[in-house]
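All remarks here apply to the structure that follows.
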Amino acid sequence: MNVLDRLDTTLRVVGGARLEGSVEVQGAKNAALPIMAAALLARGKVTLHRVPRITDVSVMWSLLEALGARLSLQDRNTITIDAANVNKARAPYTLVRKLAASFDLCGPLLGRFGRAEVPLPGGCVLGTRATDLHEAAFRALDAEVSVAHGYLIANARGGRLRGGEIEFRMPSVGATKNAMLAAVTADGDTIIHNAAMEPEVVDLANFLVAMGAKIEGQGGDTLRVTGVAELRGVEYEIIPDRIATGTLLIAGAITRGDVTVKKTRPDDVLALQLALGECGVKVTTGDDWVRVQADTVKGGTDVVTAPHPGFATDLQPQLLSFLCTAPGVSVVEESIFNARFSYVNELVRMGADVRVAMDNNTALVKGVAQLSGAPVEAPDIRAGAALVLAGLGASGETEIIGLEYIDRGYERLEETLSSLGAQVQRASGIVPFSEPTGTFETSVYPSV
Ligand code: EPU
């Protein structure tokens, strides 16, 4: 990517506007991606509603096509996947390198072909992306697992996986998804202990059950899977995106506004509701909406990121941006990833008072009266969103380079924020999606 390309992917925010109004939230990225991968296991066609139009979905789309699946766009957020002709068990590195979630393909490929070859995710800007728990899960299901030439290679002994007992040392989201995906068509029963309880893991389980899988215990820390011979095609709606929900609520809070996020699930953002409440933001909820009114922010708060239902690591940067503008001192501790504060330097360039401890896991935030707009660079999806929020709460103009990261996870964030009264503009050039043409545009992916 050359310098001019970078200029094309800039978002300009003019701060100071108080956000007001209500918006519907997009479908969940981290549910849509594994569910698309899971469609590889279906005998019939899968139709998915509320699929977010984001570049990560485009990459998964291309990956499934590369394996031999046929995908089509039914309307703006509805896609169909027909995996009948999938004939490859090896995912191409050129696409996988753009999407850590490509590793979700291991389980379905292993279940379908008794073999999976998927490039290792390697490192990313958030920290290490280890795969030991995925490997242990496949071994527990009687697969031989090795690493060669940058690929994880798993082979079911005798060509078919067998149920087993899996005990995770920590509740990894990705490894729980892969264990379930591999176990649903294995011979016999599987028990997964210390499973991740994130809503997206539950959504994947519910989707698999809709396809005919037998899974019990969704939403708890122990999952019981009874293997079935085959899974059928289904029509399914993806859950609302809790991270996009939280991002929009924090946009309301940082602009001292009044924002309602609709068609969401309030319980999925409970920890954020509590954190904002502690700062003096008024939070009210209904069956499918959450409203923040932030006229009187009294102070900061302390949060530690943790597996669900704890405070989501994917909302850590956005909350920290808000805390930079809340009176008093706040402490933010990151316990999921080992390098998730790299964006803090950009906030400091906007006048924030934040110190990250030497261990890189704790940030001390002292609220300042006002941030000042500056050119900044987004290092990843959520930190990119956090910089947009900081720009909304700052005086003057903030230019965020690296909009392509934000486009990986947020469906037209600038349009959503503008509808609430923000002054946010895509600076020029690249439009990630034109109207439905039967395929998702794939030319603007960042390489991560
Ligand atoms: N880990 C291991 N061994 C493993 C797997 C994970 O040590 O075998 C470690 C990782 O190195 C990491 C931690 O466990 O430090 C958490 O990893 P986890 O497997 O739970 O996360 P993930 O599946 O890689 C998903 C989301 C992330 C989100 C995390 C935590 C998707 C596609 N990604 O990642 O979302 O931060 O769970 O909730 O579902 C994002 O959307 O921006 C994003 C980064």
Side-chain angles (χ1 to χ4, degrees), residues 26-38 52 54-57 59-60 63 96 98-107 118 120-140 145 147 152 154 166-181 192 194-204 238-239 241-247 268 271 305-318 334-340 342-343 360-361 378-386 405-410 413 446 448:
Q26 68 186 59
K29 166 176 92 76
N30 291 344
L33 295 171
I35 286 175
M36 288 174 73
I54 52 176
T55 44
D56 269 9
V57 162
V59 179
M60 184 57 88
L63 267 165
V96 168
K98 298 175 182 191
L99 181 66
S102 327
F103 216 63
D104 292 343
L105 289 167
C106 293
V118 179
L120 292 166
C124 83
V125 71
L126 310 181
T128 321
R129 297 304 271 257
T131 57
D132 56 310
L133 300 173
H134 301 251
E135 294 172 35
F138 298 146
R139 286 195 181 101
V145 180
V147 172
L152 180 103
I166 299 166
E167 171 93 52
F168 288 131
R169 74 179 145 74
M170 56 168 287
S172 154
V173 171
T176 303
K177 290 188 291 191
N178 254 333
M180 255 195 310
L181 286 162
I192 306 171
N194 203 14
M197 301 189 287
E198 269 65 8
E200 297 79 16
V201 176
V202 178
D203 204 34
L204 172 63
I238 310 286
I239 55 167
D241 194 310
R242 67 193 163 105
I243 306 303
T245 298
T247 303
D268 288 353
T305 63
H308 194 76
F311 191 90
T313 175
D314 288 344
L315 284 173
Q316 177 258 97
Q318 300 91 315
E334 172 60 49
S335 79
I336 307 291
F337 289 103
N338 57 12
R340 204 163 194 176
S342 64
Y343 67 93
N360 245 333
N361 287 330
D380 68 90
I381 306 175
R382 310 303 173 189
Y405 290 109
I406 298 169
D407 285 335
R408 286 186 50 190
Y410 292 91
L413 184 59
V448 197

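In what follows, every heavy atom counts, from backbone to side chain, and hydrogens, waters and symmetry copies are set aside. First listed ligand is number 1; within each ligand, the first listed atom is number 1.
The shortest heavy-atom distance from Glu200 to ligand 1 is not under 4.0 Å. The closest approach between Arg169 and ligand 1 falls below 4.0 Å for a heavy atom of the residue. Taking 4.0 Å as the cut-off, Glu135 does not count as a neighbour of ligand 1 on heavy-atom distance. Using a 4.0 Å heavy-atom cutoff, Lys177 is listed among the residues neighbouring ligand 1. Residue contact check for ligand 1: Gln316 places no non-hydrogen atom closer than 4.0 Å to it.
Ranked by closest heavy atom to atom 42 (O) of ligand 1, the top entry among Arg382, Arg408, Met60 is Arg382. Among Thr176, Leu133, Asp56, the residue whose heavy atom lies closest to atom 8 (O) of ligand 1 is Leu133.
Per-residue contacts place Leu126 under 4.0 angstrom from the following atoms of ligand 1 (heavy atoms of the residue considered): 44 (C). Applying the 4.0 Å criterion to heavy atoms of Ile336 picks out, from ligand 1, the atoms 12 (C), 13 (C), 15 (O), 16 (C). Close approach to Met170 involves these atoms of ligand 1, each under 4.0 Å from a residue heavy atom: 13 (C), 14 (O). Interface atoms of ligand 1 facing Ala101, defined by a heavy-atom separation under 4.0 Å, are 32 (C). Applying the 4.0 Å criterion to heavy atoms of Thr313 picks out, from ligand 1, the atoms 30 (C), 36 (O), 38 (O). Near Arg340, meaning under 4.0 Å from one of its heavy atoms, ligand 1 places the atoms 36 (O). The Lys29 neighbourhood of ligand 1 comprises atoms 40 (C), 41 (O), with distances under 4.0 Å to a heavy atom of that residue. Below 4.0 Å from some heavy atom of Gly174 lie the following atoms of ligand 1, by number and element: 19 (O), 23 (O).
Checked by atom type and distance alone, the side chain of Thr313 never pairs as donor or acceptor with a backbone atom of Ile336 at under 3.5 Å. Looking at Glu334, its side chain does come within 3.5 Å of a backbone N or O of Phe337 through a donor-acceptor pair.
Once rounded to the nearest 0.5 Å, the distance linking CD1 of Ile192 with CZ of Phe168 reads 6.0 Å. Note that CD1 of Ile239 is 6.0 Å distant from CG of Asp268, once rounded to the nearest 0.5 Å.
When only non-hydrogen protein atoms are considered, atom 19 (O) of ligand 1 lies nearest to Ser172 OG, 2.6 Å. With respect to atom 3 (N) of ligand 1, the closest heavy atom belonging to the protein is Asp132 OD1, 2.7 Å. Summary of contacts: the protein heavy atom closest to atom 11 (O) of ligand 1 is Thr128 O, 2.8 Å. Protein heavy atom nearest atom 32 (C) of ligand 1, with residue, atom name and distance: Asn30 OD1, 3.3 Å. Closest protein heavy atom to atom 24 (O) of ligand 1: Arg129 NH2, 3.2 Å. In terms of protein heavy atoms, atom 36 (O) of ligand 1 is closest to Asp314 OD1, 2.6 Å.
At a heavy-atom cutoff of 4.0 Å, ligand 1 is contacted by the backbone of Thr131 but not by its side chain.
Using modelled atom types, one finds a donor on one side chain and an acceptor on the other under 3.5 Å when comparing Gln318 with Thr247.
Under the 4.0 Å criterion applied to side-chain N and carboxylate O atoms, Arg242 and Glu200 are assigned as salt-bridge partners.
Taking 4.5 Å as the limit, some side-chain heavy atom of Arg340 sits within range of a side-chain heavy atom of Asp380.
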Output, in order, the C-alpha distance, side-chain angles, deciding distance and verdict of side-chain contact (heavy atoms from CB on, under 4.5 Å) for Tyr410 and Arg382.
-> CA-CA 9 Å; Tyr410 292 91; Arg382 310 303 173 189; 3.2 Å; yes
Stepwise side chain to side chain donor-acceptor pair (under 3.5 Å) check, Gln316 with Thr305 = CA-CA 7 Å; Gln316 177 258 97; Thr305 63; over 6 Å; no
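Taking distance alone, with nitrogen or oxygen atoms compared against 3.5 Å, Phe337 stays at or beyond that limit from ligand 1.
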